[in-house]
There are 2 protein chains.
Amino acid sequence: MTTAKTRHHHGDLKRALIRAGIDLLEEGGLEALSLRKCAARAGVSHAAPAHHFAGLPGLITAIAEEGFDIFSKYMTEAIDAGEQTDRARLRSICRGYLQFGLGHSGLLKVMFGEHGLGVHAPRSDNREEAEAYLILRSVCAPFVPEGEDPHIVEAQVWSLIHGFTLLYLGGEFGCTDAPIEDSPFEAVMALIDRIGTQATG
Amino acid sequence: MTTAKTRHHHGDLKRALIRAGIDLLEEGGLEALSLRKCAARAGVSHAAPAHHFAGLPGLITAIAEEGFDIFSKYMTEAIDAGEQTDRARLRSICRGYLQFGLGHSGLLKVMFGEHGLGVHAPRSDNREEAEAYLILRSVCAPFVPEGEDPHIVEAQVWSLIHGFTLLYLGGEFGCTDAPIEDSPFEAVMALIDRIGTQATG
DNA sequence: CGATCAATTTGACACTGTAAAGTTAATCTT
DNA sequence: AAGATTAACTTTACAGTGTCAAATTGATCG
């Protein structure tokens with residue numbers, strides 16, 4: 001076990017490769033992402049990444065983890081910037097979710113689109129992913145009836161905001177030109193506002 | 001302009017390639033889909049597909065169109081099988097949507113996941129896609145307040161059911177083992193039931 | 001029957017991921 | 001301090017991919 005500090009040749013190749021991968025992703029979408037290009041950007045031979053990731057899927061996983069970190073930041077910042085009400089916080093994470101998607105659609109795609117369609121719950125040892133989920137869970141908690149499964153409310157919120165984010169990114173239903181505040185976003189938030197006002201299941 | 005009937009060498013290569021592509025997709029996911037493998041399955045040389053599709057993206061587009069056809073069938077069949085109430089029809093297309101996703105996750109991925117994240121509205125000359133959208137539109141219509149933009153209600157429905165379908169496919173929030181009827185599906189339908197019961201925007 | 005032309009094949013190229021073997025440089029051991 | 005060990009990286013090679021240009025095949029038309 002090494003202490004993950006500065007290593008032999010390259011300073012911190014693993015990090016450099018992840019960063020290069022994110023850059024490629026944001027520049028040219030998922031198709032532009034390749035191990036060899038990442039290696040070239042990091043100034044290293046094309047086979048070097050194999051020693052840091054389990055192939056291309058491994059690099060994508062690492063990029064997705066980075067994405068979940070940024071994703072968590074968007075949500076917590078949105079929470080901090082908004083009103084401190086249970087219901088306002090629910091709206092805030094949705095706003096954070098959408099803004100993350102708009103700013104980092106490539107990351108979103110990698111996080112949710114490739115390794116299975118909707119990876120979210122803390123089933124893995126993935127620290128970053130679990131953190132994002134815990135934010136969702138804690139914000140949803142006040143709306144979970146006593147003794148009920150928290151997943152119910154979480155699924156309602158996640159379905160709505162994830163679905164809408166994809167919709168918005170696709171530019172459909174009049175989402176292209178209108179500012180976020182108008183557009184169907186407010187209507188979706190109106191549904192969010194109704195969560196927990198009746199038996200949920 | 002040819003009449004698209006039986007041609008020179010192969011009977012109907014274009015169709016055969018699409019079918020091979022769908023098979024590959026359902027067998028091994030998106031990564032297993034390649035032009036060369038489709039050609040091999042159709043018993044044809046590796047460069048033949050180029051004359052029928054604009055490269056791999058073109059083949060994927062054709063597969064997606066086929067997917068939209070099947071998708072439409074799922075929704076109309078669900079409508080026909082259910083109660084004939086405005087609100088029951090709304091639930092029915094959601095059920096059809098989910099069942100399509102469960103049965104054809106590869107197609108769903110290709111339809112919505114690759115060519116942009118959420119392609120849905122009839123912005124294109126794509127007949128199949130437009131048909132699916134028209135079903136959604138007609139079922140949503142009764143819940144659109146007079147003089148309001150139909151997109152609002154459509155976005156609410158689409159966000160919920162598309163988001164939930166991805167969630168379910170990902171096996172998160174207790175969606176793996178439970179039957180559809182339990183699980184968060186009913187809770188999501190409860191939100192669908194609340195669409196149009198108040199100002200939507 | 002011969003010309004034409006679309007459909008398909010052949011061959012080649014650049015690019016991808018990946019594996020094996022070789023090389024360098026830092027660390028460990030004595 | 002010198003040799004052995006090992007991690008980080010390179011080099012080389014191979015199979016698979018999309019794509020293009022040039023042949024070739026086979027049906028159709030005059």
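Just so it is clear, the structure is predicted and the values come from calculations on it, not from any experiment. First the proteins, then the strands, lettered A, B, ... as listed; each starts at 1.
- The separation between F53(B) atom CZ and dT8(C) atom C1' is 15 Å, rounded to whole Å.
- For the pair E83(B) and R95(B), the salt-bridge criterion is not met [side-chain N within less than 4.0 Å of a carboxylate O].
- Salt-bridge annotation for E186(A) and R91(A): present, with a side-chain N of the basic residue lying under 4.0 Å from a carboxylate O of the acidic one.
- Contact detail for H151(A) and P184(B): the closest heavy-atom pair is O-CG, 4.3 Å.
- The ring of H162(B) has its center no closer than 6.0 angstrom to the ring center of F164(A).
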Heteroatom pairs (N/O) under 3.5 angstrom, protein to nucleotides 14-16 of chain C:
residue : atom : partner : partner atom : Å
dT16(C) : OP1  : S34(A)  : OG           : 3.4

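- A side-chain donor from one of T197(A) and R194(B) sits under 3.5 Å from a side-chain acceptor of the other.
- We find that CG of L13(A) is positioned 16 Å from P of dA25(C), with the value rounded to whole Å.
- For the pair R87(A) (side chain) and D193(A) (backbone), a donor-acceptor distance under 3.5 Å is present.
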In sequence, state the C-alpha distance, the side-chain angles, and the governing distance for V188(A) and L167(A), and then conclude on side-chain contact (heavy atoms from CB on, under 4.5 Å).
CA-CA 12 Å; V188(A) 168; L167(A) 188 66; over 6 Å; no
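- Scanning residues 45-52 of chain B for heavy-atom distances under 4.0 Å to DNA chain D yields H46(B), A47(B).
- Between C38(A) and L59(A), the shortest heavy-atom distance links the atoms SG-CD2, 3.8 Å.
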